[in-house]
Asker: 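To start, I am sharing the structure in question, which I have written as structure tokens.
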Protein chains: 2
Amino acid sequence: MKTAARKFKDTVYAELSKTAKALGNPHRMEIIDLLAQGPFTVETIARYTGMTIANTSQHLQVLKNAQLVAISRKGNYIYYQLTGENVYAAWTSLRELGMAHNTEVKKAIDQYRKGFHNGDAISAEALLEKVQAGDVIVLDVRPEDEYHRGHIHQAISIPLDQLQERIRELSKKQEIVAYCRGSLCMLVEEAVTLLTQHGYKARKFDEGYMDWALRGYPTAMTM
Amino acid sequence: MKTAARKFKDTVYAELSKTAKALGNPHRMEIIDLLAQGPFTVETIARYTGMTIANTSQHLQVLKNAQLVAISRKGNYIYYQLTGENVYAAWTSLRELGMAHNTEVKKAIDQYRKGFHNGDAISAEALLEKVQAGDVIVLDVRPEDEYHRGHIHQAISIPLDQLQERIRELSKKQEIVAYCRGSLCMLVEEAVTLLTQHGYKARKFDEGYMDWALRGYPTAMTM
DNA sequence: CAACTATTCAATAAAATTATTGAATAGTTG
DNA sequence: CAACTATTCAATAATTTTATTGAATAGTTG
């Protein structure tokens, strides 16, 4: 026979574990990571994560049932977004836990970074100083819509896939610091490599837009 | 064909999700919650969670593989403990996320609390003031070994299962504030009910020992 | 070093999760 | 309101997770 206390615990832990369970899948982790940038349609999410639309939709249902994402409709499209800051907070603490304790993660990141031979990254504090002194070009290499939703103050936007053709918009004289979404976003590595190859003085930002914003450092948005 | 970037993401998210997956089970959540109090043996964990020893052991293996717990041996027993503060931090942010977004959790907690008719709880700040003014008896109702490992400064220990027989050690004149492990620990509700029934002026603390300690409020340990 | 004991392992069956396919649906737009 | 389209659903098979049982193991203790 179960005591009332035992029954209570069973329900509470069962319910709480649903949240963790919803996060406990690679695809859904990537979706949360993406949605931290803002709302996206099912189609876009599917494209980014390399899943089929149907499969993406199913994973989104799981996240929705766990109250981690919510929908809003615009025209023919349904946009999925995180239900709150604490969703990103939880995902961050899980990510940091994983990155601290899981050697495979560290190894994968190190190895991937090593593929590019980009010098050292610049820290948020150092970048802030440079931005305030005005002696740096801050380059946002994320897709354009993500830039519009919010970017580092005075950053200019050249999405990675346009960088090759638009590279001449940049000056070879000034130092360029590129950034993207966060510590797992590797667009910035490709960008810095490309810039360096073309003779630009380019470095990468240590963290990403989200971390910058959460520190309360100056940001801006278009429209 | 998968790009290098895609492969990188697949590995990273797969690895990161292992951590979340390890947390995504009711029993393992309860184990983490318990281990936040300190190291325990397999047998003790099994007793607390109402599982068989073998099953407990298997769940502990899962947590160990995810690097969330580690073992240390003392005599014939193996003690399991959390591998670091960030494990508790992640569990906390998941719990808070769940409690904020999951109505079932709220409902279960409210309903269980309603079973006891214990007035309002006292907040950490208010309790701190009373402790410093010295006009309150702080009562730790957790098992004795947990008390010894760390407790609220000047708290006295009467584990819940001894409270009935030792109740006369307390004064009916002074206000008593009882506490236990954390927001999910309901020992304190039973304690306050028992005390009130016997004519003591008893209230419960809003949060638990862990939250008190994490605020940096005064604690003490025996031995 | 033999006996003991806390813990783990291995095997199994039941239950849950996942990706895929193709059809169904709901909601908008002209 | 008919046509369209983004999204969801339903069914299925493959995989993974879980609890149970009883045996095996490793490590301590006298």
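A note on names: the letters A, B, ... follow the listed sequences, proteins ahead of strands, and every chain is numbered from 1. Values below: every heavy atom of this structure, side chains too, minus hydrogens, waters and symmetry copies.
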Asker: Considering residues at least two apart in sequence or located in another chain, which fulfil the ring pair (Phe, Tyr, Trp, His ring centres under 6.0 Å) criterion with A/Phe205?
Answerer: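 So A/Phe205 forms a ring pair (Phe, Tyr, Trp, His ring centres under 6.0 Å) with A/Trp212.
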Asker: Go through the structure and list residues passing salt bridge (Lys or Arg N to Asp or Glu O under 4.0 Å) with A/Arg142, not counting sequence neighbours.
Answerer: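 Checked A/Arg142 against salt bridge (Lys or Arg N to Asp or Glu O under 4.0 Å); matches are A/Asp140.
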Asker: Sequence neighbours excluded, which residues qualify as salt bridge (Lys or Arg N to Asp or Glu O under 4.0 Å) partners of B/Glu169?
Answerer: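 Only B/Arg166 meet the salt bridge (Lys or Arg N to Asp or Glu O under 4.0 Å) criterion with B/Glu169.
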Asker: By a strict heavy-atom criterion of less than 4.0 Å, which residues belonging to residues 47-66 of chain B are in contact with DNA chain C?
Answerer: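 By residue number: B/Ile53, B/Ala54, B/Ser57, B/Gln58, B/Gln61.
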Asker: Taking only residues two or more places apart in sequence or in another chain, which ones pass side chain to side chain contact (heavy atoms under 4.5 Å, CB included) with B/Glu96?
Answerer: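 Here the qualifying residues are B/Thr92.
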Asker: For residues 55-79 of chain A, pull every pair meeting ring pair (Phe, Tyr, Trp, His ring centres under 6.0 Å), keeping only residues two or more places apart or in separate chains.
Answerer: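 Non-adjacent pairs meeting ring pair (Phe, Tyr, Trp, His ring centres under 6.0 Å): A/His27-A/His59.
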Asker: Assign a letter to each nucleotide of nucleotides 25-30 of chain D from its 5' end: B, base within under 4.0 Å of a protein heavy atom; S, sugar-phosphate only; -, no contact.
Answerer: --BSS-
Asker: Just checking, any donor-acceptor pair under 3.5 angstrom between side chains of B/Glu104 and A/Thr11?
Answerer: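 No, because no side-chain N or O of B/Glu104 sits under 3.5 Å from a partner of the opposite role on A/Thr11.
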Asker: Hunt down any stem DNA chain D takes part in, defined as 3 or more consecutive Watson-Crick or G-U pairs whose two distances are each under 3.5 Å.
Answerer: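 Correct response: C:1-30 with D:1-30.
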Asker: Using a heavy-atom cut-off of 4.0 Å across all strands, would you classify A/Tyr79 as base, sugar-phosphate, or nothing?
Answerer: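 No contact at all - A/Tyr79 keeps every heavy atom at 4.0 Å or more from the nucleic acid.
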Asker: Please determine if A/Arg113 and A/Glu190 form a salt bridge, counting it only when a charged side-chain N lies under 4.0 Å from a carboxylate O.
Answerer: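 No.
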Asker: Can you name the side-chain hydrogen bond (donor to acceptor under 3.5 Å, both in side chains) partners of A/Gln154, sequence neighbours left out?
Answerer: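 If we apply the side-chain hydrogen bond (donor to acceptor under 3.5 Å, both in side chains) test to A/Gln154, skipping adjacent residues, there are no hits.
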Asker: Does anything in residues 14-44 of chain B reach DNA chain D, meaning a heavy atom under 4.0 Å, and if so which residues?
Answerer: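 B/Lys21, B/Asn25, B/His27, B/Arg28 - these, ordered by number, are the residues of the stretch whose heavy atoms sit under 4.0 Å from the strand.
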Asker: Can you list the residues that meet the ring pair (Phe, Tyr, Trp, His ring centres under 6.0 Å) rule with B/Tyr13, with sequence neighbours excluded?
Answerer: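 Residues passing ring pair (Phe, Tyr, Trp, His ring centres under 6.0 Å) with B/Tyr13: none at all.
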Asker: Does the Lys NZ or Arg CZ of A/Arg28 fall within the cation-pi geometry relative to A/Tyr80 - under 6.0 Å from the ring centre and within 45° of the axis?
Answerer: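 That pair does not qualify as a cation-pi contact.
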Asker: Between the side chains of B/Thr41 and B/Thr44, does any donor sit under 3.5 Å from an acceptor?
Answerer: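 Yes - a donor-acceptor pair under 3.5 Å links their side chains.
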Asker: Between A/Tyr80 and D/dT8, is there a side-chain N or O to OP1/OP2 distance below 4.0 Å?
Answerer: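 For D/dT8, OP1 or OP2 has a side-chain N or O of A/Tyr80 closer than 4.0 Å.
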Asker: Check salt bridge (Lys or Arg N to Asp or Glu O under 4.0 Å) between B/Arg149 and all other residues, then give those that pass, not counting sequence neighbours.
Answerer: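 B/Asp145.
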